[in-house]
Amino acid sequence: MELTPLDIRNQTFHKKNFGGIDPEEVKAFLETAATAFEQMSRDKTDLTERLKIAEERVGYYRQIEKTIQDAVVTMQRTVDEVKASAEKEAEIIIAEAKARAVRDVENTKREAEDLRAEIEQLKQLRSNFFIRCRALIRGQEELLSAMENDQQEFEAPKAAPRRESGMGQVLA
């Protein structure tokens with residue numbers, strides 16, 4: 001049975017005729033005990049209420065903690081996924097850059113070979129041009145020599161006309 005302050009206040013005692021106790025002292029003591037018991041009961045109720053509020057807060061904070069932990073786990077997964085994705089993308093970019101570099105090197109080699117072939121072709125054309133120019137100049141020189149010879153022959157008969165007979169003799 002739970003004892004309440006009201007039980008203490010309403011408690012009655014049997015009186016003894018001889019050697020009994022002073023009812024006023026008992027009443028005063030019981031009043032003091034009831035007051036103290038009331039205070040303890042209020043404190044208990046207050047502490048119980050505060051404990052309930054504290055437990056609710058702890059529950060709330062545990063829920064926040066769990067939410068934060070879940071968020072951290074999710075963020076870590078996201079970071080790991082982003083990192084993995086970035087690494088894959090970097091690998092793809094590097095592979096593409098290497099392939100592009102190989103193609104560029106091959107194209108540059110091909111262009112260099114084409115330029116070398118073109119240079120050789122131009123050297124051959126230049127050599128052919130010089131040969132043709134020399135041939136043209138020689139031909140023109142021969143033509144000039146022939147024209148000079150014709151000119152000299154044309155001018156030489158005027159000085160002393162000579163005739164040749166049919167047998168290679170010269171008649172004067």
* Asked: Can you list the steps and then say if R126 with L122 is a side-chain contact (heavy atoms from CB on, under 4.5 Å)?
  -> CA-CA 6 Å; R126 181 182 67 184; L122 289 172; over 6 Å; no
Can you measure from [atom1] ([X]) to [atom2] ([Y]) and round to the nearest 0.5 angstrom?
X    : Y    : atom1 : atom2 : result
L51  : E56  : CG    : CD    : 10.0 Å
N128 : C133 : CG    : SG    : 11.0 Å
E81  : K88  : CD    : NZ    : 10.0 Å
E96  : E91  : CD    : CD    : 12.0 Å
K109 : D104 : NZ    : CG    : 12.5 Å
E118 : L125 : CD    : CG    : 10.0 Å

Quick one: do [X] and [Y] end up in the same hydrophobic cluster if we chain Ile, Leu, Val, Met, Phe, Trp and Tyr together by side-chain heavy atoms under 4.5 Å apart?
X    : Y   : answer
L47  : F37 : no
V105 : I94 : no
I68  : Y60 : yes
I64  : V72 : yes

Minimum side-chain heavy-atom gap [X]-[Y] below 4.5 Å:
X    : Y    : result
R103 : R100 : yes
E31  : K27  : no
V58  : Y61  : no

Exercise: do [X] and [Y] side chains pair donor with acceptor under 3.5 Å:
X    : Y    : answer
E153 : N149 : no
E111 : N107 : no
Q151 : E155 : yes

Flag the pair [X] and [Y] as a salt bridge only when some basic side-chain nitrogen lies within less than 4.0 angstrom of an acidic carboxylate oxygen.
X   : Y   : answer
E49 : K52 : no
E65 : R62 : no
R42 : D46 : no

* Please walk me through it: do K83 and E87 pass side-chain contact (heavy atoms from CB on, under 4.5 Å)? -> CA-CA 6 Å; K83 183 179 175 183; E87 287 173 354; 3.4 Å; yes
* To do: Take R116 and E113 through the side-chain contact (heavy atoms from CB on, under 4.5 Å) test and state the conclusion after the steps.
  => CA-CA 5 Å; R116 284 187 193 105; E113 285 300 317; 2.7 Å; yes
